[in-house]
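Worksheet: the structure to be examined is printed underneath.
Chain identifiers are assigned alphabetically (A, B, ...) following the order of the sequence lines, protein sequences preceding nucleic acid strands; residue numbering begins at 1 within each chain. Please read these numbers as outputs of a predicted model, since none were measured by experiment.
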Number of protein chains: 2
Amino acid sequence: MNDDTLKLKNQLCFPLYACAKEVVKKYSPLLDAIGLTYTQYIAMMVLWEKKSMNVKSLGEHLYLDSGTLTPLLKKMEAQGLVMRKRAEKDERNVIVSITKKGEELKAKAYQIPEQMSACISLPPEEAKMLYQLLYKVLGQISV
Amino acid sequence: MNDDTLKLKNQLCFPLYACAKEVVKKYSPLLDAIGLTYTQYIAMMVLWEKKSMNVKSLGEHLYLDSGTLTPLLKKMEAQGLVMRKRAEKDERNVIVSITKKGEELKAKAYQIPEQMSACISLPPEEAKMLYQLLYKVLGQISV
DNA sequence: ATTAATTAAATTGTACTCAATATATTTATT
DNA sequence: AATAAATATATTGAGTACAATTTAATTAAT
């Protein structure tokens with residue numbers, strides 16, 4: 001409640017906000033080269049691993065809702081990276097699944113994580129610490 | 001270059017991106033109560049401290065450019081929180097300065113940092129560690 | 001079985017965010 | 001002084017991101 005309480009330098013939220021933004025910005029040229037945006041990239045990472053998933057579940061993995069995902073996935077469908085199809089068992093669900101073209105894109109994406117870690121060169125222990133602290137906050141906050 | 005390289009769980013960028021988003025989202029109801037968005041809030045923090053600053057310099061403090069700040073500051077001017085005025089010495093600069101109403105808003109904002117830290121309850125050493133790691137990455141990346 | 005409640009996507013509207021470009025002003029060069 | 005280069009904002013367009021609402025489908029309750 002003193003005079004420093006509201007200084008930007010004393011907030012934890014701000015470096016979090018700014019750092020996330022700058023990191024995503026740093027990805028842009030790398031992702032441009034394979035025709036993805038950052039949001040599309042993290043969606044593809046889930047689909048490269050899981051092959052297929054409904055929108056709701058994809059949103060839980062990515063912390064995104066249908067308002068963001070629906071138009072994003074439609075664009076990715078238009079690019080031929082994914083297919084969207086209502087589930088037969090429960091037609092409320094839209095199943096998003098990766099296409100052959102989407103699978104093939106993975107080969108081009110392999111280099112991206114290492115190119116990025118060259119930009120953000122934290123020592124391994126510090127990177128691990130940061131990773132753990134971020135997931136700790138993420139776990140607490142979404143309660 | 002192995003099969004785990006592109007898994008979401010192995011990226012440092014993702015918890016950073018998701019955590020920043022969730023934290024900002026957690027601020028929303030608190031900031032709604034005083035009529036600010038998160039971006040307006042961090043801009044106000046700079047102005048509560050510095051009183052006055054040109055757009056360029058404000059953008060350097062916040063890691064934002066004129067494309068974001070110009071419309072943001074116009075809205076804040078319309079709300080009576082700030083004034084915008086071309087500098088007399090160098091008319092390329094727009095000086096943003098806080099108004100009486102903007103100053104008065106500070107009293108209502110004092111409670112927000114503590115309300116937020118109740119939501120994100122990291123032990124002090126861990127919060128400090130996270131803070132330092134984020135600024136370290138931020139410093140490296142913007143080179 | 002019919003109605004009510006719940007769930008999953010989609011839609012709408014508001015607010016960033018940034019790249020790229022345009023405009024106006026100032027400074028540096030010739 | 002006239003021209004070129006640099007600087008600070010503003011504008012435009014594309015892409016999120018989310019709250020709130022709508023629609024359609026499913027499940028629960030009577």
Side-chain angles (χ1 to χ4, degrees), chain A residues 17-32 35-44 53-79 82 84-96 141-142, chain B residues 13-14 17-33 35-43 53-79 82 84-96 141-142:
Chain A
Y17 159 85
C19 192
K21 221 157 46 68
E22 294 304 305
V23 167
V24 168
K25 207 189 296 184
K26 205 77 174 181
Y27 270 97
S28 289
L30 305 177
L31 292 173
D32 271 357
L36 295 178
T37 64
Y38 181 75
T39 315
Q40 289 172 352
Y41 174 59
I42 59 177
M44 286 306 292
M53 190 177 285
N54 70 357
V55 174
K56 165 92 168 160
S57 175
L58 184 59
E60 284 165 359
H61 280 76
L62 301 177
Y63 293 84
L64 292 171
D65 70 4
S66 67
T68 302
L69 287 175
T70 297
L72 187 86
L73 293 168
K74 283 182 178 175
K75 274 176 221 160
M76 292 167 72
E77 187 179 38
Q79 293 173 324
V82 303
R84 294 163 62 251
K85 200 173 195 312
R86 290 276 167 185
E88 286 179 13
K89 280 199 304 192
D90 184 343
E91 294 208 358
R92 288 172 304 182
N93 291 279
V94 168
I95 309 294
V96 183
I141 208 164
S142 50
Chain B
C13 65
F14 178 68
Y17 158 85
C19 192
K21 222 157 47 68
E22 294 304 304
V23 167
V24 168
K25 206 189 297 183
K26 205 76 175 184
Y27 270 97
S28 288
L30 305 177
L31 292 173
D32 271 356
L36 295 178
T37 63
Y38 181 75
T39 315
Q40 290 172 351
Y41 174 60
I42 58 176
M53 189 177 283
N54 70 357
V55 175
K56 165 94 167 158
S57 174
L58 184 59
E60 284 165 0
H61 280 76
L62 301 178
Y63 292 84
L64 291 172
D65 70 5
S66 68
T68 302
L69 287 175
T70 297
L72 188 86
L73 293 168
K74 283 183 178 176
K75 273 177 220 159
M76 291 167 72
E77 186 178 38
Q79 294 173 325
V82 302
R84 293 162 63 251
K85 201 173 196 310
R86 289 275 166 188
E88 286 178 13
K89 280 199 304 191
D90 183 342
E91 295 208 358
R92 289 171 302 182
N93 291 279
V94 168
I95 309 294
V96 183
I141 208 163
S142 50

Please confirm whether the ring centroid of A/Tyr63 lies under 6.0 Å from the ring centroid of B/Tyr17.
no

Check whether any side-chain N or O of B/Gln40 sits under 3.5 Å from a backbone N or O of B/Thr37 as a donor-acceptor pair, and report yes or no.
yes

Rounded distance in Å - CG (A/Asn93) to P (D/dA24)
17 Å

Taking CG from A/Asp65 and P from C/dT7, how many angstroms apart are they, rounded to a whole number?
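For the pair A/Asp65 CG and C/dT7 P, the rounded distance is 17 Å.
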
With heavy atoms under 4.0 Å as the rule, sort [X] into base, sugar-phosphate or nothing.
{"X": "B/Leu69", "result": "nothing"}
{"X": "B/Thr37", "result": "sugar-phosphate"}
{"X": "A/Gln40", "result": "sugar-phosphate"}

Got a donor-acceptor pair under 3.5 Å from the side chain of B/Arg92 to the base of D/dT9?
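A donor-acceptor contact between them is absent.
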
For a quick check, tell me whether the side chain of A/Ser66 and the base of C/dA8 share a donor-acceptor pair closer than 3.5 Å.
no

Please say whether the positively charged group of A/Lys25, taken as NZ for Lys or CZ for Arg, lies over the ring of A/Tyr27, i.e. under 6.0 angstrom from the six-membered ring centre and within 45 degrees of the axis.
no

I want to confirm an ordering. Mapping A/Val55 and A/Tyr17 to their closest nucleotides on DNA chain C, which one lands closer to the 5' end?
A/Val55

State whether A/Lys74 and A/Glu77 are salt-bridged, where the test is any N-O pair (Lys NZ or Arg NE/NH1/NH2 against Asp/Glu carboxylate O) under 4.0 Å.
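No, this pair does not count.
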
